[in-house]
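Reviewing the structure listed below.
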Amino acid sequence: MEIVKVFPGVWGYMRRSEFSVRKLMLVLADMFIIAMCGVVTHFILSVLNFKTGFVSAIDTPYVVVSIIINVLVCIATLWICGAYNKMWRYFNIRDYISCVAGMVAGVIVSTLVLALRYNVMNFVLPYTLISGGLSVLGVVLFRLIFKNAFIKINDAGILSSGERTLIVGAGNAGKLILADISSAYADPNNPSNNLYPIGFVDDDRMKKNTSVNGIRVLGTTYDIPDICKEENISLIIFAIPSCSETERKRILDLCSKTSCKIKMLPYISQLLFDDNTENPHLLNQVKDIKIEDLLGREPITFDKSTIVNLVENRVCMVTGGGGSIGSELVRQIAKYNPKQIIIVDIYENNAYDIQQELVLEYGDSLNLKIVISSVRDYDKMEQIFREFRPELVWHAAAHKHVPLMETVPGEAVKNNIFGTYNVATLANKYGVKKFVMISTDKAVNPTNVMGATKRCCEMIIQYLNQNTTGTEFVTTRFGNVLGSNGSVIPLFRRQIESGRPITVTHPDIIRYFMTIPEAVSLVLQAAGMAKGGEIFVLDMGAPVKITTLAENLCRLYGKAPYKDVEIKFTGLRPGEKLFEELLMDEEGLKPTENKKIFIGNQIDIDKEKLLSQLEELKIKANENDNEAVVNMLAEIVPTFNHETNN
């Protein structure tokens, strides 16, 4: 083990057996240089002896032996100093210094060996000094010239498109990434052969200035912005798959402050390993960073056994099953062996897309039915319930776009409120086991029509649960979903890719975010945990500033915000507020067995009053009287403040 610590370069080569052709060429070149320096030195000393008698003459066979000893000793000390651990094109000042150190050590050892072999110090000392000096100069100049001339000429096309790469994490994953890069470089057909590892960063301060197979640890993760600037880095590979989410966000935030492209390994639980346990080819698993990687929240875990017990062998219906949330619900439900899945959606293109995706993946093993229909149509919805007899219903169909619903409040009411009322009352009528409605944080103290309609839907669900004949009604509430239809991320991406400014409504606007799979897992978990009447709320961590989200997205494209991409603030839109809340004041919170999920207390609903108000609201909506609709919503939802935008 001590040998490993003292001679990491030697051990690395013994362990990896990577004495490649190009490294052999470098060794042979060094041997030739040192040998020629010995010949030149012998010539110089012969001339001096002939003219001045300054040194004693020595026979040629002894000179040959001296050159051989000098070559072998110097090559050995260069090897021990790690001079052959790094590819030529990556040499920097420290590597040149290590070559000088190796040569000086070799010259000293050679002098001692020759002094013991020949008792002619007046020849040995001048010989080793002149030969050693010339050899040091020759070895260093060869590397410098080779790097700055031959490689630039020979590899000009590759270098111009190459990625100067910084690897974050000098642990096992980082070493494997480096090994994969080295292998890729030797294969001209490998798309990763233009990656040029410049260095590592690692927060283990004991590793600073050490080398990993010839690639130096340049500093800690806190040094990333400075290192990227100094070393002209163009690509950062995040290679710490076991990193905590908090640390991951901190490091990725630092990475995103550079102009570099960022790629990362998935979590260690998501890594794929093949039969090659020595090298599982991690480079193939490195992916582009996603904006959700910067949210800084631990991935949410769920009890899959609860979902299996809920879904397996049951008829499941998803309204809005072609949308971003609905389609992911269908995908995840399909994994748990349902008896049948019914997708209900008004938009046939989305429904067709998810149908084809599932048919491609499951073939005939999945009993899938697509029904093109609107939840507004009570008679059609009853026909669906009567024909398919769903046991579980997830209600995701809704108009969700806040500014658009401000212009047509009647349509929001018809689709969101009365579509929900239709599906929920039919679920009760036809004995559905569980009905899960998908709500939003905008339902809390709503300032817009969409939020008010969703809060009214929550009231309907709680009313039905208090008057159910056996169906368990439950609501799930969460914040914004990254990548969903109508979310800011697809808009920002389109704006960046088209060269237009990113538009943010207000510099201080904040939102809670989650990924689509997380949102859907919550919905499924809630259904499994539900007893009836709950409003399940996800602990979504700290809110995210939309401006920061836009800035980070720019950096993920390798562009500088406000410089390469303009960010324009357009002002709050109708019905939009700066802050979203997840829970109404009167609801309180109760923990569940999942530490990320909480339950809001049930609120008593005055049945007669609610039904009367809904009847009046329906009349106003059918009359398309927008002002009357908004006023009626405010009467049903006391916390609705349509004039407040902050």
Side-chain angles (χ1 to χ4, degrees), residues 244-246 249 292 295-307 309-311 325 328-329 332 392 394-396 398 400 420 424 434-446 451 454-466 468 471-482 484 510-544 577 579-605 637-639:
S244 71
E245 188 63 24
T246 302
K249 180 182 184 298
E292 51 262 39
L295 291 184
R297 189 164 37 72
E298 295 286 348
I300 296 164
T301 57
F302 296 90
D303 180 6
K304 292 184 179 180
S305 63
T306 302
I307 303 174
N309 293 336
L310 174 72
V311 171
I325 298 295
E328 180 64 20
L329 267 169
Q332 293 198 26
L392 305 170
W394 284 268
H395 179 54
K400 305 179 184 75
T420 298
K434 290 190 180 184
F435 181 97
V436 183
M437 191 201 78
I438 298 173
S439 189
T440 169
D441 54 359
K442 293 174 178 61
V444 182
N445 299 322
K454 296 300 280 185
R455 179 55 190 158
C456 191
C457 290
E458 292 182 356
M459 296 171 68
I460 290 170
I461 296 306
Q462 295 208 325
Y463 145 69
L464 285 170
N465 190 73
Q466 292 167 13
T468 182
T471 301
E472 296 171 359
F473 289 91
V474 60
T475 297
T476 57
R477 183 192 290 160
F478 44 81
N480 299 272
V481 179
L482 286 171
S484 65
I510 64 171
R511 290 293 182 265
Y512 294 91
F513 281 97
M514 67 191 321
T515 65
I516 292 177
E518 283 179 328
V520 168
S521 295
L522 167 67
V523 172
L524 293 175
Q525 183 79 9
M529 296 165 58
K531 303 300 181 184
E534 302 96 336
I535 296 178
F536 286 93
V537 182
L538 175 65
D539 176 7
M540 302 181 69
V544 177
K577 57 183 178 179
F579 310 103
E580 301 288 5
E581 303 143 280
L582 288 180
L583 200 66
M584 297 188 70
D585 292 338
E586 68 268 26
E587 289 177 328
L589 282 176
K590 291 180 180 178
T592 68
E593 56 266 30
N594 189 314
K595 65 180 181 180
K596 292 291 184 179
I597 302 176
F598 296 86
I599 300 175
N601 292 328
Q602 225 182 91
I603 300 172
D604 288 332
I605 301 294
V637 182
T639 56

| field | The single option from T440, V537, I438 passing side chain to side chain contact (heavy atoms under 4.5 Å, CB included) against F478 | value | I438

| task | Supply the atom-to-atom distance T420 OG1 to E458 CD, rounded to the nearest 0.5 angstrom. | result | 10.5 Å

| Are the side chains of T476 and V436 in touch, meaning some heavy atoms are under 4.5 Å apart? | yes

| query | Nearest 0.5 Å, what's the NZ-CE distance between K454 and M437? | reply | 5.0 Å

| message | Side chains of M529 and E593, heavy atoms from C-beta outward: is any pair under 4.5 Å? | response | yes

| Listed by chain and number, what are the side chain to side chain donor-acceptor pair (under 3.5 Å) partners of Q332, not counting sequence neighbours? | E328, S521

| V474 side chain reached by F435 side chain, heavy atoms, under 4.5 Å | no

| From I605 atom CD1 to M459 atom CE, the distance as rounded to the nearest 0.5 Å | 4.5 Å

| For E534, salt bridge (Lys or Arg N to Asp or Glu O under 4.0 Å) partners two or more places apart | none

| Non-hydrogen atoms of G528 and L310 that approach each other most closely | N-CD2, 3.6 Å

| query | Looking at NE2 of H395 and OG1 of T475, how far apart are the two atoms once the value is rounded to the nearest 0.5 Å? | reply | 10.0 Å

| message | So Q525 and T592, do their side chains get closer than 4.5 Å, heavy atoms only? | response | no

| Just by modelled atom types, is the I461 backbone N or O under 3.5 Å from a matching donor or acceptor in the N465 side chain? | no

| request: For the residue pair S439 and I535, establish whether any side-chain heavy-atom pair is separated by less than 4.5 Å. | output: no

| remark: Nearest heavy-atom contact between G451 and P446 is C-CB, 3.6 Å

| Does any non-hydrogen side-chain atom of L464 lie less than 4.5 Å from one of I460? | yes

